[in-house]
K.L.:
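Okay, handing you the structure first.
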Amino acid sequence: MKKVNNIYCVGRNYAAHAKELQNEVPTFPMLFSKPTHALVKAAAGKEVLLPSNRGSIHFETEIVLMIGKPYEKGIKVDEIVESMAVGIDFTLRDVQSELKKKGQPWLLAKGFPNSALVSSFIPFPGSEEVKEIDFSLLKNQEKVQQGNIKNMIFDLQTIIDFTALNFGLGEGDLIFTGTPEGVGPVMDKDHLTLLWGNSVLGECFIKLY
Ligand code: MG
């Protein structure tokens, strides 16, 4: 994996997920970011450390894009996205609920170390081809989430243009594109498997500390 510069994430990009958390469906992409310290790569047998004392930790399984070149006006998804992975936007759900109530930024709930898990990256197949295959997450060998980017509220081009326009976008930036419905908690010793179709792109164990 090349050096990562910025980690952008899209919130509420699937209507069924917005609904399951009783959130309104947004009218423009809802972006937040994570520190690069949040990044961790899944690998067979690897333990991913997450905090045990901050309430429930939810998995949010998402397609992650790696940007390969500087953004220019009019550039197409297939030109700027170099590779993709399946990732998890780990979220301290109880902390996030408190922050939401107070109208405070989400960083405490979204930006902790190891909160941005990524699988191995594969060459980006193309913005239409990517809709032909579902991504999914197995927890202890049981499928807990399955999604397809064709169900996103804001498509990849919209997300890329919006991100570039508002924050800047260039080589080494990652975009977590949002989670479908089915988010839920992880526990100590859970085994997670990140799938692209039937291909395992990454796996790890959770270790709470
Ligand atoms: Mg998310």
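No hydrogens, no waters, no symmetry mates; every other heavy atom, side chains included, goes into these values.
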K.L.:
Mind checking the CE-CZ spacing from M30 to F162? Nearest 0.5 Å is all I need.
P.N.:
10.5 Å

K.L.:
Is it the case that one hydrophobic cluster holds both V81 and L31, taking links as side-chain heavy atoms less than 4.5 Å apart, direct or via other members?
P.N.:
yes

K.L.:
List the atom of T177, the atom of E62, and the distance in Å for their closest heavy-atom pair.
P.N.:
N-OE1, 3.7 Å

K.L.:
Are I175 and I7 in one and the same hydrophobic cluster, where Ile, Leu, Val, Met, Phe, Trp and Tyr link if side-chain heavy atoms are under 4.5 Å apart?
P.N.:
no

K.L.:
Any sub-3.5 Å donor-acceptor pair from K34's side-chain atoms to C9's backbone N or O?
P.N.:
no

K.L.:
Quick one: does S119's side chain have a donor or acceptor within less than 3.5 Å of a partner on L194's backbone?
P.N.:
no

K.L.:
Between D94 (side chain) and S56 (backbone), is there a donor-acceptor pair under 3.5 Å?
P.N.:
yes

K.L.:
Just one of L169, L165, D173 clears the side-chain contact (heavy atoms from CB on, under 4.5 Å) bar with Y71, so which one?
P.N.:
L169

K.L.:
Tell me, do I149 and L156 make a side-chain contact under 4.5 Å, heavy atoms counted?
P.N.:
yes

K.L.:
Is the count of non-hydrogen atoms from other residues, nucleotides or ligands lying under 6.0 Å from K189 atom NZ greater than 12?
P.N.:
no

K.L.:
Is the backbone of M187 close enough, under 3.5 Å, to the side chain of D190 for a donor and an acceptor to pair up by distance?
P.N.:
yes

K.L.:
Determine whether E171 and K3 satisfy the following criterion, salt bridge (Lys or Arg N to Asp or Glu O under 4.0 Å), listing intermediate values before the conclusion.
P.N.:
CA-CA 9 Å; E171 184 173 8; K3 188 177 181 303; over 6 Å; no

K.L.:
Answer yes if the ring centres of Y8 and F167 are under 6.0 angstrom apart, and no otherwise.
P.N.:
yes

K.L.:
Determine whether V10 and V86 fall in the same hydrophobic cluster, where Ile, Leu, Val, Met, Phe, Trp and Tyr are linked whenever their side-chain heavy atoms lie under 4.5 Å apart.
P.N.:
yes

K.L.:
What heavy-atom pair brings T179 and V183 nearest, and what distance separates the two atoms?
P.N.:
CG2-CG1, 3.8 Å

K.L.:
Donor-acceptor pair, K139 side chain versus P185 backbone, under 3.5 Å?
P.N.:
yes

K.L.:
When you look at NZ of K150, are more than 12 heavy atoms from neighbouring residues, nucleotides or ligands closer to it than 6.0 Å?
P.N.:
no

K.L.:
Check the angle between the aromatic planes of F135 and Y14 and answer parallel, tilted or perpendicular using the 30° and 60° thresholds.
P.N.:
perpendicular

K.L.:
Please say whether more than 12 non-hydrogen atoms of neighbouring residues, nucleotides or ligands are located less than 6.0 Å from NE2 in H37.
P.N.:
no

K.L.:
Without hydrogens or angle criteria, can the side chains of T61 and Q145 be said to hold a donor-acceptor pair below 3.5 Å?
P.N.:
yes

K.L.:
Locate the shortest heavy-atom distance separating I88 from F176; write the atom from each residue and the value.
P.N.:
O-CE2, 3.7 Å

K.L.:
Flag the pair E82 / F121 as yes when at least one side-chain heavy-atom distance between them is below 4.5 Å, and no otherwise.
P.N.:
no

K.L.:
How far apart are the closest heavy atoms of S115 and K110, and which atoms are they?
P.N.:
OG-O, 2.9 Å

K.L.:
When rounded to the nearest 0.5 angstrom, what is the spacing between CD in Q96 and CG in L108?
P.N.:
11.5 Å

K.L.:
From S199 OG over to I133 CD1, what is the distance, rounded to the nearest 0.5 angstrom?
P.N.:
7.5 Å

K.L.:
Do the side chains of I63 and M84 get nearer than 4.5 Å, heavy atoms only?
P.N.:
yes

K.L.:
I'd like to know if the side chain of N5 and the backbone of G172 have a donor-acceptor N/O pair within less than 3.5 Å.
P.N.:
no

K.L.:
Taking atom OH as the centre, does Y209 end up with more than 12 heavy-atom neighbours from other residues, nucleotides or ligands that are less than 6.0 angstrom away?
P.N.:
yes

K.L.:
Between CD1 of I206 and CD1 of I57, what distance do you get to the nearest 0.5 Å?
P.N.:
7.5 Å

K.L.:
Can you name the closest pair of heavy atoms from L117 and A42 and give their distance?
P.N.:
CD1-N, 3.8 Å

K.L.:
List the steps and the verdict of side-chain contact (heavy atoms from CB on, under 4.5 Å) for K100 and N23.
P.N.:
CA-CA 11 Å; K100 276 190 200 165; N23 289 313; 3.5 Å; yes

K.L.:
What verdict does the salt bridge (Lys or Arg N to Asp or Glu O under 4.0 Å) test give for K76 and E79, after you've listed the backbone C-alpha separation in whole Å, the side-chain angles of each residue and the deciding distance to 0.1 Å?
P.N.:
CA-CA 5 Å; K76 295 293 172 211; E79 297 172 87; over 6 Å; no

K.L.:
With rounding to the nearest 0.5 angstrom, report the CG to CZ distance, L50 to F59.
P.N.:
13.0 Å

K.L.:
Inspect the surroundings of NZ in K19 and state if more than 12 heavy atoms from other residues, nucleotides or ligands are less than 6.0 Å away.
P.N.:
no

K.L.:
Short question: side chain of E47, backbone of C204 - any donor-acceptor pair under 3.5 Å?
P.N.:
no

K.L.:
Answer yes or no: is there a side-chain heavy-atom contact under 4.5 Å between L39 and L174?
P.N.:
yes

K.L.:
Please tell me whether F154 and V130 are part of a single hydrophobic cluster in this structure, the criterion being side-chain heavy atoms less than 4.5 Å apart.
P.N.:
yes

K.L.:
Ignoring hydrogens and geometry beyond distance, is a side-chain donor-acceptor pair present between T158 and D155 at under 3.5 Å?
P.N.:
yes

K.L.:
Going from CG on L137 to CG on L192, what distance comes out if it is rounded to the nearest 0.5 angstrom?
P.N.:
5.5 Å

K.L.:
Less than 4.5 Å apart, side chain to side chain, heavy atoms only: is that true for D188 and K207?
P.N.:
yes

K.L.:
With a 4.5 Å limit on heavy-atom distance, are the side chains of I122 and L201 in contact?
P.N.:
yes

K.L.:
Do P26 and I153 have side chains that approach each other closer than 4.5 Å (heavy atoms only, starting at C-beta)?
P.N.:
yes

K.L.:
State, yes or no, whether a side-chain contact exists between M66 and V4 at a heavy-atom distance under 4.5 Å.
P.N.:
yes

K.L.:
Are F90 and L99 co-members of a hydrophobic cluster defined by side-chain heavy atoms under 4.5 Å apart?
P.N.:
yes

K.L.:
Could you check whether any side-chain N or O of D134 sits under 3.5 Å from a backbone N or O of N148, counting only pairs where one atom can act as donor and the other as acceptor?
P.N.:
no

K.L.:
Using only atom types and a distance under 3.5 Å, with no angle test, would you say the side chain of D89 pairs donor to acceptor with the backbone of G178?
P.N.:
no

K.L.:
In terms of heavy-atom contacts, does CD of E142 have more than 12 from other residues, nucleotides or ligands at under 6.0 Å?
P.N.:
no

K.L.:
Indicate the atoms forming the closest heavy-atom contact of Q146 with S136, along with that distance.
P.N.:
CA-CB, 4.0 Å

